[in-house]
Amino acid sequence: MFSNRYIEQRIEKANELRQIGKNPYENRVERTFLSNEFSEKFGYVFDLENRRDESVSVTLIGRIKFLRLMGKASFFKIEDSAGQIQLYVSKNELGEWFENIKKLAEVGDIIQATGYPFVTKTNELSLHVNKFEIVTKAIAPLPEKFHGLQDKELRYRQRYLDMIVNSEVRSVFEKRSKIVSQIRHFFEQKGFLEVETPMLHPIAGGANARPFVTHHNALGVDRFLRIAPELYLKRLLVGGFDAVFEINRNFRNEGMDHTHNPEFTMLEYYWAFHKFEDLIKLTEDLFENLFNKLNLEKTLQYDNFEIDFSTPFRKIGYLESIREIGGISDEIINSREKIIEFLNANKIEFNRNASIGYLQSELFGNFVEDKLINPTFVIDFPIDISPLARRSDQNSQIADRFELFIAGTEVSNGFSELNDPIDQYERFKAQIDAKSKGDHEAHEMDEDYIRALMYGMPPAAGQGIGIDRLVMLLTNSISIRDVLLFPAMKPLHGELEINEEN
RNA sequence: GUCUUGUUAGCUCAGGUGGUAGAGCAUCUCACUUUUAAUGAGGUGGUCGUUGGUUCGAUUCCAACACAGGACACCA
């Protein structure tokens, strides 16, 4: 663990510190300013005649990022959570201790420096140091100062190191935090109640996905990590809450790629006495609010796209989008046989037993989705791929449902909720039928959910928004791993065996 | 799950039609009191991802495996 020569050298330096009475892991520290506060507060030093203000004493703490040692003077560039600042450390001020600093302080160490503000010959506001302590000795060397850490694997596995070396990584996660906070605030302002529903589900419902399975020893039953909170949140509408939301993790046991991680964060909200059209409006409001609060331009660069987030967003019907954007004729869209023929001709794999709604979704997924770059609401989804959505009053084959696509990816899914318990029961049965015909992701029957609906769920609408994908769009991150602090990785040395305890 | 590319020093990267490897930064020694990837001089540092095979000899060729990147499939 500590056998590397660089680590051994640094441990030796920590020991030398101890020998001269310094604790290499000191915790009595005190700083007066962050680096950015220092720069703002002492900007006036530029205008002073001797370009220094010896009347003040300032203490800064940061990690050494650059080190320029000379015979009797040196420059340290240290970094704290707010940014970088330069220190000027000289033998004049520190005497013999200066020789120890030169020998024992290294890039990576966290140091505390006290002194006064001054401006260097090269016009950089810096701290003229008269007291210097190594507060935390880093015994592992940092990556190279110019290229930093490029290896994606190391960056994801050792995110702490990535954050030290690539400071822009920290700003992505600060932005993520602000986005989540703003969303929470937005819904609270509108009277929504934030709730927490179970992660361990007896039945994995609320979405079409494969779940993780785990086992509860005390109860002697298997549990599923939730794939969606939907059915629990809607039980709360039955119970009498009018507006609820939850921002939390979902888990899906499926493939991983640049837009999928096995655990991901979802916002779901349910709103009694509203329809899916209200959700579309609310979504546009939410985006406007986010762009305002985060001071974002209406047009953002994402990958190779320029995305225009001006509201209102485009709206298009599901079948209409297949015709207009996918370029597929109505003749094909409306015939099960012709779609099968068309999919075969395009060498697309699909489930041959599936209903026409599923086959149309193959057309949509393969020929439309990628082309939806600017925010677009696709509305009027086929009923048989919408097992929890309310049936349209105008057309029994479509659902009062929409999805929002941006940059060719689904960001959100919402609909007016199905609250007819008997219709819901039949839809679950249809799902079980689809499952028996090879659809592994189809829903299970959830009898308790049906029971809840039997007591009467008020007319309502609900929506889910993928937080990770939203953050990706707003931070121009092409991979979901760049917006997850600790993305899922395979273990380095084989699989861990799990011991079953009784 | 499939295909594909990669894995060489702490980091960023070269290289080799088979004879155990190089650079820059970092590190170590020395010099240097205003540097900005500081500079100048000299040195240390590697089971070339792992395991097998072919060979007198493998880091290089072959195979399997591990991990990663990218694409596809599934999905959000």
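Predicted model, so just to flag it, every value in this text is computed and none were measured. Chain identifiers are assigned alphabetically (A, B, ...) following the order of the sequence lines, protein sequences preceding nucleic acid strands; residue numbering begins at 1 within each chain.
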Between B:C74, B:U27, B:A76, which nucleotide has the shortest distance from any of its atoms to the side chain of A:Glu362?
B:C74

For A:Lys145 and B:G10, is the shortest distance between a side-chain N/O and OP1 or OP2 below 4.0 Å?
no

For A:Lys102 and B:U29, is the shortest distance between a side-chain N/O and OP1 or OP2 below 4.0 Å?
no

Please give me the minimum heavy-atom distance between A:Lys315 and A:Glu284, naming the atom from each residue.
NZ-OE2, 2.7 Å

Nearest to the side chain of A:Arg52, heavy atoms from C-beta on, is which of B:U44, B:C13, B:U34?
B:U34

Atom CD1 of A:Ile7 and atom P of B:G10: how far apart are they, to the nearest Å?
10 Å

Separation between the P atoms of B:C61 and B:U5, rounded to whole Å
14 Å

Whole angstrom is fine here: how far is it from CZ in A:Arg252 over to C1' in B:G1?
19 Å

If you compare every side-chain N and O of A:Arg157 against the phosphate oxygens of B:A68 (OP1, OP2), does one of them come in below 4.0 Å?
yes

How does RNA chain B look in dot-bracket form if you count Watson-Crick and G-U pairs under 3.5 Å, write [ ] for pairs that cross, and put | where a base pairs with another strand?
(((((((..((((.....[..)))).(((((.......))))).....(((((..]....))))))))))))....

Would you mind classifying the nucleic acid contact of A:Asn261 as base, sugar-phosphate or nothing, using non-hydrogen atoms under 4.0 angstrom?
base

Measure the distance from CG on A:Leu142 to P on B:C11 and round it to the nearest whole Å.
12 Å

Whole angstrom is fine here: how far is it from NE2 in A:His258 over to P in B:G69?
12 Å

Using the P atom in both, what is the distance from B:C13 to B:G6, to the nearest Å?
15 Å

Indicate, with a heavy-atom threshold strictly under 4.0 Å, whether A:Arg210 touches base, sugar-phosphate, or nothing.
nothing

Heavy-atom nearest pair, A:Arg481 first then A:Arg159, reads O-NH2, 2.7 Å

Integer angstrom distance from the P of B:C72 to that of B:C65:
25 Å

Could you give the distance separating B:C30 and B:A66 at their P atoms, to the nearest angstrom?
50 Å

Within the 4.0 Å heavy-atom criterion, would you say A:Glu144 contacts the bases, only the backbone, or no part of the nucleic acid?
base

Closest non-hydrogen atom pair between A:Val165 and A:Pro143, with its separation
CG2-CD, 3.6 Å

Pairs under 3.5 angstrom, nitrogen or oxygen only, protein versus nucleotides 21-23 of chain B, please.
none

What about A:Ser90: does its side chain form a donor-acceptor pair under 3.5 Å with the base of B:U33?
no

Does B:A68 have OP1 or OP2 under 4.0 Å away from a side-chain N or O of A:Arg481?
no

Gap between atoms NZ and C1', on A:Lys152 and B:U5 respectively (whole Å)
14 Å

Any side-chain N or O of A:Arg68 under 4.0 Å from OP1/OP2 of B:U35?
no

Students often get this wrong, so: under 4.0 angstrom with heavy atoms, is A:Phe118 touching a base, only sugar-phosphate, or nothing?
base

A:Tyr156 pairs by side chain to side chain contact (heavy atoms under 4.5 Å, CB included) with which of A:Asp162, A:Asp482, A:Leu485?
A:Asp482

Using atom P in both nucleotides, what's the gap between B:U12 and B:U54 to the nearest angstrom?
36 Å

Give A:Asp151 one of three labels, base, sugar-phosphate or nothing, depending on what nucleic acid heavy atoms sit under 4.0 Å from its own.
sugar-phosphate

Could you say whether A:Ala488 or A:Ala209 is positioned toward the 5' end of RNA chain B, judged by the nucleotide with the nearest heavy atom to each?
A:Ala488

Students often get this wrong, so: under 4.0 angstrom with heavy atoms, is A:Met266 touching a base, only sugar-phosphate, or nothing?
nothing

Give a yes or no on whether a donor-acceptor pair under 3.5 Å exists between the nucleobase atoms of B:U35, that is its base, and the side chain of A:Gln86.
yes

For A:Phe146 and B:A37, do the ring centres fall under 5.5 Å apart while the planes stay under 30° apart?
yes

Just to be sure I understand the rule, does A:Lys77 reach a base, reach only the sugar-phosphate, or reach nothing, if contact means heavy atoms closer than 4.0 Å?
base

Is there aromatic stacking of A:Phe66 against B:A37, centre distance under 5.5 Å, plane angle under 30°?
no

Applying the salt bridge (Lys or Arg N to Asp or Glu O under 4.0 Å) criterion to A:Arg226, which one of A:Glu246, A:Glu263, A:Glu196 satisfies it?
A:Glu246

Give me each pair satisfying ring pair (Phe, Tyr, Trp, His ring centres under 6.0 Å) with a member in residues 100-143 of chain A, each pair once, sequence neighbours excluded.
A:Phe76-A:Phe132, A:Tyr88-A:Phe118, A:Tyr88-A:His128, A:Tyr116-A:His128, A:Phe118-A:His128

Which part of the nucleic acid does A:Gly255 contact within heavy-atom distance under 4.0 Å: base, sugar-phosphate only, or nothing?
base

To the nearest angstrom, how far is A:Asn4 atom CG from B:A9 atom C1'?
10 Å

Centroid-to-centroid, A:Phe38 to A:Phe33, below 6.0 Å?
no

Parallel under 30°, tilted from 30 to 60°, perpendicular over 60°: which one fits the rings of A:Trp271 and A:Tyr269?
perpendicular

Closest to the A:Leu149 side chain, choosing from B:C11, B:U27, B:U34
B:C11

Within this structure, what is the NZ-to-C1' distance between A:Lys490 and B:C67, rounded to whole angstrom?
8 Å

Which part of the nucleic acid does A:Lys347 contact within heavy-atom distance under 4.0 Å: base, sugar-phosphate only, or nothing?
nothing

Verify the ring-centre separation between A:Phe276 and A:Phe415: is it less than 6.0 angstrom?
no

Between A:Phe342 and A:Phe367, ring centroids under 6.0 Å:
yes

Quick check for you: among B:C74, B:A26, B:C11, whose closest atom lies nearest to any side-chain atom of A:Pro143?
B:C11

Donor-acceptor pair under 3.5 Å: do we get one between A:Tyr88's side chain and the base of B:U35?
no

Parallel, tilted or perpendicular for A:Phe309 and A:Phe287, by the 30°/60° rule?
parallel

What class does the angle between the rings of A:Phe381 and A:Tyr318 fall in, given that below 30° is parallel, 30 to 60° is tilted and above 60° is perpendicular?
tilted

Contact summary for A:Arg336 and A:Ala354, nearest pair of heavy atoms
NH2-O, 2.6 Å

Determine, for A:Trp97 and A:Lys102, whether the Lys NZ or Arg CZ falls below 6.0 Å from the six-membered ring centre while staying within 45 degrees of the axis.
no

Taking atom C1' in both B:U55 and B:G15, what distance in whole Å separates the two?
23 Å

Taking atom C1' in both B:A58 and B:U2, what distance in whole Å separates the two?
31 Å

Using the P atoms only, state how far B:U17 lies from B:A64, rounded to an integer number of Å.
25 Å

Remember a base hit wins even if backbone is also touched, and classify A:Gly464 as base, sugar-phosphate or nothing at under 4.0 Å, heavy atoms.
nothing

Can you tell me the distance, in whole Å, between the CG atom of A:Asp257 and the C1' atom of B:G69?
13 Å

What nucleic acid atoms does A:Thr259 come within less than 4.0 Å of, heavy atoms only: base, sugar-phosphate, or nothing?
base

